[in-house]
Amino acid sequence: MDSSMKSFNPNKHLKEQFVSNLTGSSMLELFVLSAIFPMLILLRHIIGICTIDHVTDDTSSNKKDTTTVASRNRRGYISTMIVDFLSIILPITLFCTVLADWTYINGVLCMVVLLFFAASQRHGSCWDQKEGVHSLSTYVSSYRVSMMLITCVCILAVDFKIFPRRYAKTETYGTSVMDIGVGAFVFANSFVSRQARGVSTMGLRSALSSSSPLLVLGFARLVTTTGVDYQVHVGEYGVHWNFFFTLAGVAVLTSIINVSPKYCGLVGSLVLIGYQVWLMNGLNSYLLSAERGTDIISQNKEGIYSIFGYWGLHLIGVWLGNNVLFRKNANMRTNGSARKQIWILVIFFWCLTLILDRFVERPSRRMCNVTYITLILATNLQMLGVITLSDYIPGGKLSLLEQAINRNLLAFFIAANLLTGLVNLSVNTLFVSPLTALVILIAYGFTVCAAAAFADYKGIKLKFW
């Protein structure tokens, strides 16, 4: 490799070693974190200040009045976004970095604050909010946004020493915050997919057309990371594979094997059981081996074989979404019944995860085994379950930041990835001070949120998938 190529990323190997051979944290800590992050969303809803609605030119018939109102609306929008940033993004960043050693205390404090406001409402405080005012679609939107925010904060934070190594992706077996990422994406998309809503699934040609943006993004990432000699942990997906190829693969496989939503739970379970049996009969040794052949499958064995696990997760997510959220014709169920179902599922999947971890195999994101899948289901349903409790506390609708990100969810993630790459190529992340790292992470979070806010304010909606 020539010197000009090396100059783009001179510390590539050090950065790769920095995120290698990690074992993760405990399931208890992951359980607490899966409660803290959505609680931050609820706390922002409780604040209930600086909430505005969009003002258009139709607000006033007088051009001068319209200009004045639009100017006030712009100021209000900016101030609201700043409040959202300070009450959601900043705490997430702090909890994942400088406050990470106090995770359990942070969880208790957040819970105490929420319980205080819930008690205030129950005893007839100044808030008067009827239970059930939030729709289930609002809950799901908040959950999807909170999942995205955690992911986007972590993908850059992991490159700094201020980010605890136990939160970074595990090498083989174990649990960590960042291990949840790709599984959460697959589940979040399947949970509200066309298939879950009972809409007829697309044919292969339509699926390929719909997945083409993901394939383009996958190849673009491959070409870009190779071109600038960007650090890539080969043990994560393989030599050429990446996250976008996995999403595209699941979408194509789903279209080829068309399963009715009411049978997706059964088929998904059978797929996962069969895949787990395969893993325990030699496939896991092959996937964990450092040896690679010259063929494309061997070069990308982790990414290719793990699709079976993610497809099983997708099918179960479709079945859960169809049963928990949607009736016929995609009508949403009542809040109370859905909330009870979600919390029953949370308890079930956490218990199942502990049993599988003890008697079958530890969770492995790298292989996407059955224990990893149940862990994904437990943590994501827990986050959604916490958000469904918003009916018991005072608060308003979705914050503007949530609306803005939800409007362009995948575009927000792509922007965060691009900015992450730019920071890594511009800053020696391994050797900056903790204060500098924290400032960079806060500035990064503010920038991606400002981009989402700008797109939302201008009415821009980018459809990738």
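Reckoned from all heavy atoms, side chains included, excluding hydrogens, waters and symmetry mates.
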Heavy atoms, side chains only, cut-off 4.5 Å: are [X] and [Y] in contact?
| X | Y | result |
| --- | --- | --- |
| Phe412 | Arg407 | no |
| Leu381 | Leu320 | yes |
| Met39 | Met111 | yes |
| Met280 | Val360 | yes |
| Tyr444 | Thr420 | yes |
| Thr294 | Gln299 | no |
| Leu30 | Ile180 | yes |
| Tyr143 | Pro38 | no |

Passing candidate, ring-ring contact (aromatic ring centres under 6.0 Å, His included) with Phe31, options Trp350, Tyr104, Phe349: Trp350
Is it true that a side-chain atom of [X] and a backbone atom of [Y] form a donor plus acceptor pair closer than 3.5 Å?
| X | Y | result |
| --- | --- | --- |
| Asp357 | Thr353 | no |
| Asn242 | Gly218 | yes |
| Asn106 | Leu99 | yes |
| Asp84 | Leu401 | yes |
| Gln403 | Leu398 | yes |
| Arg221 | Trp241 | no |
| Ser142 | Tyr139 | no |

Heavy atoms of other groups near [X] [atom1], more than 12 under 6.0 Å:
| X | atom1 | value |
| --- | --- | --- |
| Ile257 | CD1 | yes |
| Tyr286 | OH | yes |
| Phe431 | CZ | yes |
| Phe446 | CZ | no |

Closest non-hydrogen atom pair between [X] and [Y], with its separation:
| X | Y | value |
| --- | --- | --- |
| Cys264 | Val318 | SG-CG1, 3.7 Å |
| Gly174 | Arg362 | CA-NH2, 3.8 Å |
| Ile162 | Ala437 | CG2-CB, 3.9 Å |
| Phe163 | Ala168 | CE2-N, 3.8 Å |
| Thr175 | Ser26 | OG1-C, 3.8 Å |
| Asn322 | Ala196 | ND2-O, 2.9 Å |

Would you please test Glu236 and Val19 for side-chain contact (heavy atoms from CB on, under 4.5 Å) and show each step? CA-CA 10 Å; Glu236 184 176 349; Val19 294; over 6 Å; no
How many angstroms lie between atom [atom1] of [X] and atom [atom2] of [Y], to the nearest 0.5 angstrom?
| X | Y | atom1 | atom2 | answer |
| --- | --- | --- | --- | --- |
| Leu375 | Leu356 | CG | CG | 10.5 Å |
| Phe244 | Leu215 | CZ | CG | 11.5 Å |
| Gln382 | Trp343 | CD | CH2 | 5.5 Å |
| Ser255 | Gln195 | OG | CD | 10.0 Å |
| Arg144 | Ile387 | CZ | CD1 | 12.0 Å |
| Leu33 | Thr103 | CG | OG1 | 5.0 Å |

Using 30° and 60° as the class limits, which term best fits the ring planes of Tyr305 and Phe308: parallel, tilted or perpendicular?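 The arrangement is tilted - the two ring planes meet at 30° to 60°.
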Where do Leu438 and Thr93 land on the side-chain contact (heavy atoms from CB on, under 4.5 Å) test, with the steps shown first? CA-CA 8 Å; Leu438 185 60; Thr93 304; 4.2 Å; yes
Please check if the distance between the ring centroids of Phe185 and Phe413 is under 6.0 Å.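 Judged by ring-centre distance (under 6.0 Å), Phe185 and Phe413 do meet the cut-off.
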For the pair Leu279 and Leu287, evaluate side-chain contact (heavy atoms from CB on, under 4.5 Å) and give the outcome as yes or no after the intermediate values. CA-CA 9 Å; Leu279 285 171; Leu287 295 179; 3.8 Å; yes
Between Asn284 and Glu361: side-chain donor-acceptor atoms closer than 3.5 Å: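 Side chains of Asn284 and Glu361: pair found under 3.5 Å.
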Which residues pass the side-chain hydrogen bond (donor to acceptor under 3.5 Å, both in side chains) test with Arg166, not counting sequence neighbours?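 Partners of Arg166 under the side-chain hydrogen bond (donor to acceptor under 3.5 Å, both in side chains) test: Glu29.
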Member of Leu90, Thr436, Leu156 meeting the side-chain contact (heavy atoms from CB on, under 4.5 Å) criterion with Leu441: Leu156
Are any of the side-chain nitrogens in Asp179 or Lys169 under 4.0 Å away from the carboxylate oxygens of its partner?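 Looking at Lys169 together with Asp179, the answer is no, because their closest N to O distance does not fall below 4.0 Å.
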Could you please spell out the steps behind the side-chain contact (heavy atoms from CB on, under 4.5 Å) verdict for Ile373 and Cys368? CA-CA 7 Å; Ile373 296 301; Cys368 196; 3.5 Å; yes
